[in-house]
Visitor: 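Pasting a structure here, questions to come.
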Amino acid sequence: MKKIIVFGLFLVVSISLMACGQGASGTDEDGVEEMTIKFSHVVSENTPKHQGALAMKEYIEDESDGKIELEIYPNSSLFGDQDEYQNLASNNVQFIAPDLTKFVGNNPQFNIPALPFLFPDDEAAINFWDGEKGEEVLSSLTDDGVLGLSMWPNGGKQITNDAREITSPDDFEGLKFRTQGGQVLESLYSTMGAGSESIPFGELYTALDQGVVEGQENTFSNIESKKFDEVQSYMTVMNHTRVDYAIFTNTEFWDGMNDETKEIVEGGVEKGTEVARAEAQSLNEEAYETIKERGQVEIKELSEEEIQEFRDTLEPVYEEYEDDIGTDVIEAAREAGE
Ligand code: LMR
């Protein structure tokens with residue numbers, strides 16, 4: 001009897017080990033591992049981030065003959081701003097692409113997209129993040145088990161609010177704005193006599209609707225796709241700060257793939273980067289046209305003189321943050337736009 005039990009146990013253990021081996025290696029004849037990976041983000045489908053994610057999915061699934069599946073969860077449907085980073089660090093999700101200014105608490109150098117009028121266009125921002133200093137910043141979260149792979153742009157941010165037309169820094173006085181993160185964005189508003197509060201993107205529409213804040217700043221594509229213009233009355237085209245993302249992955253997941261698998265996933269990230277970069281500007285231009293057509297907000301395009309007044313007013317923010325961010329990093333960012 002004892003022998004039968006021991007033999008039975010041996011069988012169960014052997015079968016489990018075999019199954020486990022298959023799951024762990026789970027490779028096809030080309031050595032590609034079978035796996036399902038998740039990409040979570042907070043924005044709508046009609047945005048550069050989602051278009052980049054779709055291109056990444058198509059590439060990875062095609063190149064792996066469906067062995068690797070990429071599930072995309074838009075609109076905070078899996079994780080939102082509050083919990084996506086922790087879930088990436090725990091490997092519950094393998095890719096996220098958050099707005100970099102949401103990480104200023106982890107490293108103040110992520111304030112770069114919030115520095116006023118720093119980058120003239122997407123190309124300048126891309127140049128910076130692809131350069132030595134940008135890559136150093138993107139790699140600064142490895143202690144958390146998180147690696148920044150590449151920057152995906154969205155674009156310049158515009159101000160919307162429900163109180164009054166904004167044409168000069170004085171118009172901000174006494175209003176409260178939602179920001180993506182604190183530090184530079186907070187200082188920018190307080191410099192103009194306004195208050196600010198960080199609110200997760202998924203809660204922003206309701207916060208605007210209920211008057212928790214009077215306004216917010218975002219790209220045309222985020223304003224249009226989330227219909228913030230429905231609950232706002234004015235929009236000033238400022239392009240004073242930016243929404244830029246990085247594709248972040250979990251280092252354990254990233255380093256754990258075999259070479260054949262990693263080559264495909266890396267190729268997918270490259271493809272996604274190419275598409276997000278190529279689509280960002282045109283998606284924002286289209287979104288701007290849609291906002292105009294919807295006619296929900298009164299739109300103000302600032303003149304050169306009006307922009308200069310904002311530049312002059314907001315310049316002290318640079319001095320306030322140059323030690324935290326590093327003059328070398330700010331200099332590299334300025335040079336990226338020249
Ligand atoms: C926001 O929170 O306003 C944006 O950064 C969201 C996004 O990911 O574009």
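In listed order, ligands and their atoms are each counted from 1. Just the heavy atoms: all of them, side chains too, but no hydrogens, waters or symmetry mates, feed the values below.
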Visitor: Does Gln216 reach ligand 1, in the sense of a heavy atom lying below 4.0 Å from it?
Guide: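 No; Gln216 lies far enough from ligand 1 that no heavy-atom distance drops under 4.0 Å.
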
Visitor: Indicate if Leu188 and Leu204 have the same hydrophobic cluster label, given that clusters are the connected sets of ILVMFWY residues with side-chain heavy-atom separations under 4.5 angstrom.
Guide: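 As far as the 4.5 Å side-chain criterion goes, Leu204 and Leu188 are not connected within one cluster.
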
Visitor: Need the ligand 1 atom indices (1-based, order shown) with element for anything under 4.0 Å from a heavy-atom of Asn222.
Guide: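 Answer, ordered by atom number: 4 (C), 6 (C), 7 (C), 9 (O).
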
Visitor: Judged by modelled atom types alone, do Glu123 and Asn127 share a side-chain donor-acceptor pair under 3.5 Å?
Guide: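 No, no side-chain donor-acceptor contact under 3.5 Å.
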
Visitor: Are Arg164 and Asp171 within salt-bridge range, i.e. N to O under 4.0 Å?
Guide: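 Answer for the salt bridge query: no.
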
Visitor: Compare all side-chain heavy atoms of Phe220 with those of Val237 and state whether any distance is below 4.5 angstrom.
Guide: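 Side chain of Phe220 against side chain of Val237, heavy atoms only: contact under 4.5 Å found.
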
Visitor: If you group Ile, Leu, Val, Met, Phe, Trp and Tyr by side-chain heavy-atom gaps below 4.5 Å, do Tyr234 and Phe172 land in one group?
Guide: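 Different clusters.
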
Visitor: Decide whether a cation-pi geometry holds between Arg334 and Tyr318; the criteria are a distance under 6.0 Å from NZ or CZ to the six-membered ring centre and an angle within 45° of the ring axis.
Guide: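 Output yes; distance and angle both within limits.
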
Visitor: Show the atoms of ligand 1 that are less than 4.0 angstrom away from any heavy atom in Val243.
Guide: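 The atoms of ligand 1 under 4.0 Å from a heavy atom of Val243 are 9 (O).
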
Visitor: If two hydrophobic side chains count as joined below 4.5 Å and joins carry through other members, does Met235 share a cluster with Leu283?
Guide: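 As far as the 4.5 Å side-chain criterion goes, Leu283 and Met235 are not connected within one cluster.
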
Visitor: Which of the listed options, Val43, Thr219, Thr179, holds the heavy atom that is closest to atom 7 (C) of ligand 1?
Guide: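 Nearest heavy atom to atom 7 (C) of ligand 1 lies in Val43.
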
Visitor: Could you say whether the N/O atoms of Asp99 and ligand 1 ever approach to under 3.5 Å?
Guide: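 Looking only at distances, the answer is yes, because the N/O contact criterion of under 3.5 Å is met.
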
Visitor: Suppose we measure from atom 1 (C) of ligand 1 to each protein heavy atom; which comes out shortest, and what is that distance?
Guide: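 For this ligand atom, the closest protein heavy atom is Phe201 CD1, 3.2 Å.
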
Visitor: If you measure every N or O of Tyr245 against every N or O of ligand 1, does any of those distances drop under 3.5 Å?
Guide: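 The answer is yes, given that Tyr245 and ligand 1 share an N or O pair closer than 3.5 Å.
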
Visitor: What part of His41, side chain, backbone, both or neither, has a heavy atom within less than 4.0 angstrom of ligand 1?
Guide: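 Near ligand 1, His41 shows nothing, with every heavy atom at 4.0 Å or more.
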
Visitor: Which bit of Lys226 gets closer than 4.0 Å to ligand 1, counting heavy atoms only: side chain, backbone, both or neither?
Guide: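 For Lys226, no heavy atom sits under 4.0 Å from ligand 1.
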
Visitor: Ignoring hydrogens and geometry beyond distance, is a side-chain donor-acceptor pair present between Ser168 and Asp170 at under 3.5 Å?
Guide: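 The criterion, which ignores hydrogens and geometry beyond distance, is not satisfied for Asp170 and Ser168.
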
Visitor: Checking Ser140 against Gln109: is there a side-chain donor and acceptor pair closer than 3.5 Å?
Guide: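 Side chains of Gln109 and Ser140: no pair found under 3.5 Å.
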
Visitor: If the cut-off is 4.0 Å to any non-hydrogen atom of Lys49, which atoms of ligand 1 fall inside it?
Guide: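 Every atom of ligand 1 under 4.0 Å from some heavy atom of Lys49: 7 (C), 8 (O).
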
Visitor: Which ligand 1 atoms are under 4.0 Å away from a heavy-atom of Lys102?
Guide: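 Checking each atom against Lys102, I get 1 (C), 2 (O), 4 (C), 5 (O), 6 (C).
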
Visitor: Report, in ascending order of atom number, the atoms of ligand 1 lying under 4.0 Å from any heavy atom of Asn218.
Guide: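 Answer for ligand 1: 1 (C), 3 (O).
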
Visitor: So is Glu217 touching ligand 1 or not, going by heavy atoms under 4.0 Å?
Guide: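 It does not, in that no heavy atom of Glu217 comes within the 4.0 Å cut-off of ligand 1.
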
